[in-house]
Amino acid sequence: MKFNIQDTFNKELPADPITENSRRQVERACFSYVTPKHTARPSLVHVSPEMAEELGLSEEDIRSEEFLKVFTGNTVLDGTAPYAMCYGGHQFGNWAGQLGDGRAINLMEVEHNGKHWALQLKGAGETPYSRTADGLAVLRSSIREYLCSEAMYHLGVPTTRALSLALSGDQVLRDVLYNGNPAYEKGAIVCRVAPSFLRFGNYQIFAAREDTATMGTLVNYTIKHFFPELGAPSKASYVQFFQAVADATLEMLVHWQRVGFVHGVMNTDNLSILGLTIDYGPYGWLEGYDHGWTPNTTDRQHKRYRYGNQPNIGLWNLYQLANAIFPLIGEAEPLEAVLEGFKTKFEQKYRDMMKSKIGLYKADDLDPHLLDDLEENLQLTETDMTLFFRNLANFKKQVTDSGAFMEVVGEAFYVPDEVSGEVLEKWKVWFATYQSRLGQEELSDTERKQKMNSVNPKYVLRNYMAQLAIDAADKGDYALIDELFVLLKKPYDEQPEQEKWFAKRPDWARNKVGCSMLSCSS
Ligand code: AMP
Ligand code: MG
């Protein structure tokens with residue numbers, strides 16, 4: 001196994017001079033060197049062939065003893081110097097101080113085919129940032145991260161990736177329901193991959209400590225490697241940097257709303273500076289379309305991170321990033337202009353995205369009610385988002401029967417009987433308006449269907465699907481992990497033999513832990 005190792009983060013940025021692995025506040029440094037923990041009996045569960053290929057690994061490499069050892073933390077490759085990053089963050093709206101990679105250990109950066117990747121183990125043991133926790137991860141949450149991050153990639157959503165999923169062979173104690181009943185679970189390690197794992201919180205921590213010098217060094221590093229087109233450091237390039245981060249964040253959020261992904265913990269330490277979906281924890285997928293839904297049990301009361309609030313929170317987080325880098329610029333106006341622009345840009349992009357979901361492409365003054373009413377109607381009675389939009393592509397420009405829409409999208413309603421009376425009336429009105437608007441489109445029904453199917457996935461990682469894979473894996477059966485992994489590589493394609501996954505959430509999953517609500521305990 002030969003990597004083209006090209007470390008930059010630990011070569012160009014200030015390191016914590018202390019190398020002992022004790023929990024502490026780390027000042028004036030971007031990271032601390034740390035060695036992954038030795039595991040008892042590591043074994044591989046799954047490897048992403050696509051990600052392996054991106055890194056230049058052969059089948060033989062993947063099967064080697066060295067691969068297993070490196071990606072479970074038992075061997076540190078020559079010429080690498082693993083480390084944990086220092087960052088802070090706002091958690092649920094409050095400044096939480098230093099957080100950092102409490103259980104993520106960066107192994108190395110590699111270059112292949114002109115692409116630059118950072119490789120990181122999640123769950124490989126404690127670091128100086130582990131605070132009161134153990135630095136480990138359990139199989140349950142590792143399967144969720146592994147499957148979802150690769151699925152998001154194939155959906156075309158900007159995201160960190162995953163190379164491998166392994167069991168550590170160690171037992172890990174977790175209190176899933178936070179009710180004083182901790183139990184042992186299988187420990188696991190995921191190797192995550194991304195151009196960079198930098199988060200908003202990496203910059204915020206230096207602002208909080210009034211260490212403008214180190215923050216400047218980190219911003220300059222970020223621009224040099226990830227936004228090289230912005231040129232040499234200057235106030236102007238810092239503002240452009242902020243604009244680029246805001247644009248990337250916005251882009252990611254529009255994708256989340258398009259596919260019905262709810263992150264669940266949009267703290268500023270969980271927002272990537274590159275606009276990648278990062279830190280798959282208590283995330284969830286919308287089943288019933290519901291702006292108020294949050295998958296995270298910790299968020300149940302205030303629903304700060306609910307589906308419909310994700311764009312606002314993205315903007316809130318950008319405000320915090322603006323505050324952090326302000327000392328480098330010294331003027332609020334250009335940063336405020338970027339934040340102001342976010343709102344209008346988001347509205348425009350969101351509208352275009354929603355139009356594409358319903359197959360309208362003409363650049364005209366769309367009746368604003370058409371989209372608003374659609375979102376309202378979808379929430380009148382529990383309506384499966386994925387089924388609704390995918391099946392909507394079968395609607396015809398010319399139907400004679402006004403009730404024909406039920407044949408097209410009826411399957412999406414969880415309680416079909418509720419589509420009666422006023423609810424039925426509202427849908428009839430909507431479909432009548434929709435149909436007349438479709439009449440202005442030039443595409444044929446077949447062409448439109450093809451286009452709609454490229455933005456409305458047929459298969460997403462429904463919450464219960466991940467849970468089924470977890471339940472089987474707990475018993476040592478990994479077949480479903482592979483089945484879902486393969487299914488979700490082609491989320492927009494018809495896969496007739498996999499039609500069973502194109503269905504509403506089964507009733508047993510409605511209130512089951514892991515299927516409808518998720519704990520942060522991972
Ligand atoms: P999260 O909410 O998972 O993004 O984590 C928030 C912070 O807690 C980050 O600094 C994590 O690295 C840290 N953390 C989460 N779980 C653990 C764990 N089991 N051991 C150590 N640190 C953890
Ligand atoms: Mg995190």
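These values consider heavy atoms only, across backbone and side chains, with no hydrogens, waters or symmetry-generated copies. When a residue number appears, it is its place in the shown sequence, counting from 1.
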Carefully, step by step, assess Asp16 and Arg24 under the rule salt bridge (Lys or Arg N to Asp or Glu O under 4.0 Å). CA-CA 11 Å; Asp16 173 6; Arg24 58 184 180 270; 2.7 Å; yes
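- Taking CE of Met85 as the start and OG of Ser32 as the end, the distance is 11.5 Å to the nearest 0.5 Å.
- Ring planes of Phe485 and Tyr146: parallel class, angle under 30° (limits at 30 and 60°).
- In this structure, the side chain of Arg144 engages the main chain of Gly281 through a donor-acceptor pair within 3.5 Å.
- A side-chain donor-acceptor contact under 3.5 Å links Thr217 to the backbone of Ala213.
- Around the CD atom of Glu53, the shell of radius 6.0 Å holds no more than 12 heavy atoms that belong to other residues, nucleotides or ligands.
- Side-chain N or O atoms of Asn21 include one that pairs as donor or acceptor with a backbone N or O of Glu126 at under 3.5 Å.
- Residues Cys30 and Leu218 come closest through the heavy atom pair SG-CD1, 4.2 Å.
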Going through the checks in order, is the salt bridge (Lys or Arg N to Asp or Glu O under 4.0 Å) test met by Lys2 and Asp61? CA-CA 8 Å; Lys2 196 100 195 83; Asp61 290 332; over 6 Å; no
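- Atom OG1 of Thr294 is separated from atom CZ of Arg300 by 10.0 Å, given to the nearest 0.5 angstrom.
- Two rings, from Tyr307 and Phe261, have their centers 6.0 Å or more apart.
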Working for side chain to side chain contact (heavy atoms under 4.5 Å, CB included), residues Asp101 and Gln120: CA-CA 10 Å; Asp101 286 333; Gln120 174 181 92; 4.1 Å; yes
Just do the side-chain hydrogen bond (donor to acceptor under 3.5 Å, both in side chains) check on Tyr280 and Thr159 with the steps written out, would you? CA-CA 10 Å; Tyr280 291 84; Thr159 179; 2.5 Å; yes
Between Asp134 and Arg174, is the salt bridge (Lys or Arg N to Asp or Glu O under 4.0 Å) condition met? List the steps. CA-CA 10 Å; Asp134 57 11; Arg174 288 288 181 270; 2.8 Å; yes
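- Of all heavy-atom pairs spanning Tyr459 and Gln498, the tightest one is CE2-O, 3.5 Å.
- Atom CD of Glu229 has more than 12 neighbouring heavy atoms from other residues, nucleotides or ligands inside a 6.0 Å radius.
- Under a cut-off of 6.0 angstrom, the local environment of NZ in Lys303 is crowded, with over 12 non-hydrogen atoms contributed by other residues, nucleotides or ligands.
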For Met353 and His255, run side chain to side chain contact (heavy atoms under 4.5 Å, CB included): C-alpha distance rounded to whole Å, both residues' side-chain angles, the deciding distance at 0.1 Å, then the answer. CA-CA 8 Å; Met353 178 275 286; His255 279 290; over 6 Å; no
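- For the pair Asp170 and Lys37, the tightest heavy-atom approach, listed with the atom from each and the gap, is OD2-NZ, 3.8 Å.
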Take Arg192 and Glu145, measure what salt bridge (Lys or Arg N to Asp or Glu O under 4.0 Å) needs, and give me the verdict at the end. CA-CA 9 Å; Arg192 307 198 283 194; Glu145 167 132 22; 3.2 Å; yes
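- Judged by distance alone, the side chains of Ser22 and Glu20 do bring a donor and an acceptor atom under 3.5 Å apart.
- With Leu271 as the fixed residue, the side chain to side chain contact (heavy atoms under 4.5 Å, CB included) test singles out one of His90, Met266, His263: Met266.
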Apply side chain to side chain contact (heavy atoms under 4.5 Å, CB included) to Tyr492 and Leu155, showing your working. CA-CA 8 Å; Tyr492 300 104; Leu155 279 166; 3.6 Å; yes
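- Proximity of a side-chain donor or acceptor of Asn106 to a complementary backbone N or O of Pro82 within less than 3.5 Å is not detected.
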Given the rule in the side-chain hydrogen bond (donor to acceptor under 3.5 Å, both in side chains) test, do Gln204 and Arg199 qualify, once you have shown the distances and angles that lead to the verdict? CA-CA 9 Å; Gln204 286 185 284; Arg199 303 133 191 278; over 6 Å; no
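- No donor-acceptor distance shorter than 3.5 angstrom exists from the side chain of Gln310 to the backbone of Arg306, with no hydrogens or angles considered.
- Smallest separation of non-hydrogen atoms from Ile481 and Leu147: O-CD2, 3.6 Å.
- Scanning both residues, Thr214 and Arg28, for their nearest heavy atoms gives OG1-CA, 4.1 Å.
- Taking a 6.0 Å sphere around CZ of Phe92, one finds it holds more than 12 heavy atoms contributed by other residues, nucleotides or ligands.
- Remark: the backbone N or O of Pro282 is not paired with any side-chain donor or acceptor of Asn296 at under 3.5 angstrom.
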Does Met385 form a side chain to side chain contact (heavy atoms under 4.5 Å, CB included) with Glu287? I'd like the steps, not just the answer. CA-CA 6 Å; Met385 177 179 183; Glu287 277 153 343; over 6 Å; no
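- Annotation for Leu136 and Gly123: closest pair CD2-O, 3.7 Å, computed over non-hydrogen atoms.
- A ring pair (Phe, Tyr, Trp, His ring centres under 6.0 Å) with Phe9 is found for exactly one of Phe226, Tyr83, Tyr33, namely Tyr83.
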Show your reasoning for whether side-chain hydrogen bond (donor to acceptor under 3.5 Å, both in side chains) applies to Ser48 and Glu150. CA-CA 8 Å; Ser48 163; Glu150 286 295 275; 2.8 Å; yes
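- Put simply, CG on Leu119 and CG on Leu107 are 6.5 Å apart, with the number rounded to the nearest 0.5 Å.
- A 6.0 Å sphere centred on NZ of Lys349 holds no more than 12 heavy atoms belonging to other residues, nucleotides or ligands.
- Using a distance-only test at 3.5 Å, with no hydrogens or angles considered, no donor-acceptor pair links the side chain of Thr39 to the main chain of Arg41.
- Atom CD1 in Ile278 sits 11.0 Å away from atom CZ in Phe200 (nearest 0.5 Å).
- If you take CG on Leu77 and CZ on Phe71, they are separated by 7.0 Å, rounding to the nearest 0.5 Å.
- By the neighbour-count criterion of 12 heavy atoms within 6.0 Å, atom CD of Glu59 is sparsely surrounded, having that number or fewer from other residues, nucleotides or ligands.
- At distances below 3.5 Å, at least one donor-acceptor pair connects side-chain atoms of Glu109 with backbone N or O atoms of Thr8.
- A cation-pi arrangement is absent between Arg23 and Tyr129 under the rule of less than 6.0 angstrom and at most 45 degrees off the ring axis.
- With no hydrogens or angles considered, no side-chain donor-acceptor pair links Asn4 and His112 at under 3.5 Å.
- Between Tyr238 and Phe241, the distance from one ring center to the other does not fall under 6.0 angstrom.
- Between Tyr350 and Phe346, the two ring planes are parallel [angle under 30°; tilted spans 30° to 60°].
- Here Arg505 contributes atom CZ and Ser516 contributes atom OG; the two are 8.0 Å apart, rounded to the nearest 0.5 Å.
- At least one donor-acceptor pair under 3.5 Å links the side chain of Ser234 to the backbone N or O of Ser237.
- Tyr203 and Thr222 form a side-chain donor-acceptor contact under 3.5 Å, judged by distance and modelled atom types alone.
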Would Tyr283 and Thr277 count as a side-chain hydrogen bond (donor to acceptor under 3.5 Å, both in side chains) here? Give the steps. CA-CA 11 Å; Tyr283 68 80; Thr277 313; over 6 Å; no
